Amino acid sequence: MTLADYADVLRTINDTDPPFFEGDYKNDFGVAGYRAYYHVGNNWFWYSVSDTTAIVLPSKVVEAIEKGRVDRAGIFKENGFEATIRFENQSYMLNMGSKRPQFRTTHAR
């Protein structure tokens with residue numbers, strides 16, 4: 001999986017398609033963010049965006065991939081993918097894996 005592949009998958013998701021899960025989070029430093037995850041084929045695709053509790057649509061994540069600064073991108077837990085993009089003063093953390101993501105604290109919508 002590459003960043004371009006990740007963007008291609010997100011392009012198959014309509015902005016009107018509800019995610020499997022979405023909600024707000026706070027990291028260990030108290031910074032709030034938004035996260036969503038989708039089940040596409042046999043894989044899970046999830047992303048979180050820092051410094052916002054507003055809904056971030058898949059098309060906005062694609063824009064961040066295309067126009068943002070890639071801080072890292074690579075393998076995640078042997079068969080997955082992860083990347084961090086910096087765009088419009090926010091960090092976009094992107095992940096893909098074969099198992100449904102589990103988060104510590106969630107505030108579902």
Side-chain angles (χ1 to χ4, degrees):
M1 164 100 13
T2 66
L3 208 44
D5 295 334
Y6 193 97
D8 286 344
V9 170
L10 290 187
R11 284 187 192 95
T12 69
I13 302 169
N14 295 318
D15 284 345
T16 56
D17 292 344
F20 184 86
F21 175 88
E22 68 179 339
D24 304 335
Y25 71 89
K26 282 194 178 180
N27 67 16
D28 292 338
F29 303 103
V31 177
Y34 168 82
R35 71 171 148 233
Y37 55 90
Y38 295 85
H39 194 214
V40 180
N42 292 325
N43 291 311
W44 292 88
F45 292 81
W46 65 99
Y47 55 85
S48 56
V49 182
S50 66
D51 298 316
T52 187
T53 55
I55 293 170
V56 179
L57 300 172
S59 62
K60 183 66 173 182
V61 179
V62 170
E63 181 183 7
I65 292 168
E66 293 173 341
K67 297 178 181 177
R69 182 187 77 226
V70 179
D71 287 344
R72 66 185 172 102
I75 295 170
F76 172 72
K77 294 187 178 178
E78 297 180 26
N79 67 340
F81 174 79
E82 68 179 353
T84 302
I85 309 291
R86 191 76 181 155
F87 180 64
E88 295 182 344
N89 296 316
Q90 293 175 305
S91 292
Y92 287 68
M93 289 69 66
L94 317 175
N95 295 85
M96 183 279 293
S98 59
K99 294 182 180 177
R100 180 178 162 191
Q102 300 293 318
F103 298 109
R104 245 188 353 227
T105 305
T106 60
H107 301 93
R109 293 183 189 238

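The shown structure was predicted, so the numbers you read here are calculated from the model rather than taken from an experiment. We count residues from 1, following the sequence as given.
- Within the 4.5 Å cutoff, the side chain of Y34 has heavy atoms near those of the Y47 side chain.
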Donor-acceptor pairs under 3.5 Å, side chain of residues 1-13 to any protein atom, not counting sequence neighbours: which ones?
| unit_1 | atom_1 | unit_2 | atom_2 | d |
| --- | --- | --- | --- | --- |
| T2 | OG1 | A4 | N | 3.4 |
| T2 | OG1 | D5 | N | 3.1 |
| T2 | OG1 | D5 | OD2 | 3.2 |
| D5 | OD2 | T2 | N | 3.0 |
| Y6 | OH | W46 | O | 2.8 |
| Y6 | OH | N95 | O | 3.2 |
| D8 | OD1 | R11 | NH1 | 2.6 |
| R11 | NH2 | E66 | OE2 | 2.5 |
| T12 | OG1 | V9 | O | 2.5 |

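- Nearest heavy atoms, I85 versus G68: CG2-CA, 3.9 Å.
- Looking at heavy atoms from C-beta onward, Y38 lies in side-chain contact with P58 at the 4.5 angstrom threshold.
- Note that the CG atom of L57 and the CG atom of D15 stand 4.0 Å from one another [nearest 0.5 Å].
- Scanning for ring pair (Phe, Tyr, Trp, His ring centres under 6.0 Å) contacts around Y92 gives an empty result, with sequence neighbours left out.
- Put simply, the side chain of Y37 does not reach to within 4.5 Å of the side chain of P19, judged on heavy atoms.
- Residues D17 and N14 have side chains in contact (heavy-atom distance under 4.5 Å, counting atoms from C-beta outward).
- Rounding to the nearest 0.5 Å places CD1 of I65 at 5.0 Å from CG of L94.
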- Task: Report the C-alpha separation of E88 and K67 in whole Å, then their side-chain angles, then the decisive distance to 0.1 Å, and conclude whether the salt bridge (Lys or Arg N to Asp or Glu O under 4.0 Å) test is met.
- Result: CA-CA 9 Å; E88 295 182 344; K67 297 178 181 177; over 6 Å; no
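- To the nearest 0.5 Å, atoms OG (S48) and CG (D24) are separated by 12.0 Å.
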- Task: With side chain to side chain contact (heavy atoms under 4.5 Å, CB included) as the test, would you mind laying out the steps for V49 and R35 before giving the verdict?
- Result: CA-CA 6 Å; V49 182; R35 71 171 148 233; over 6 Å; no
- Just do the side chain to side chain contact (heavy atoms under 4.5 Å, CB included) check on F87 and R69 with the steps written out, would you? CA-CA 6 Å; F87 180 64; R69 182 187 77 226; over 6 Å; no
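- Closest approach of S50 to Q90, counting heavy atoms only: O-NE2, 3.1 Å.
- The neighbour count for N89 CG, taken as heavy atoms of other residues, nucleotides or ligands under 6.0 Å away, does not exceed 12.
- Across all their heavy atoms, N43 and M96 have their closest contact at CG-SD, 3.7 Å.
- For the ring pair (Phe, Tyr, Trp, His ring centres under 6.0 Å) with H39, the qualifying choice from F20, W44, F21 is W44, the only one to do so.
- Contact of the K26 side chain with the V31 side chain is not registered, since no non-hydrogen atoms from C-beta on lie closer than 4.5 Å.
- Across all non-hydrogen atoms, the minimal contact from A32 to T53 is CB-CG2, 3.9 Å.
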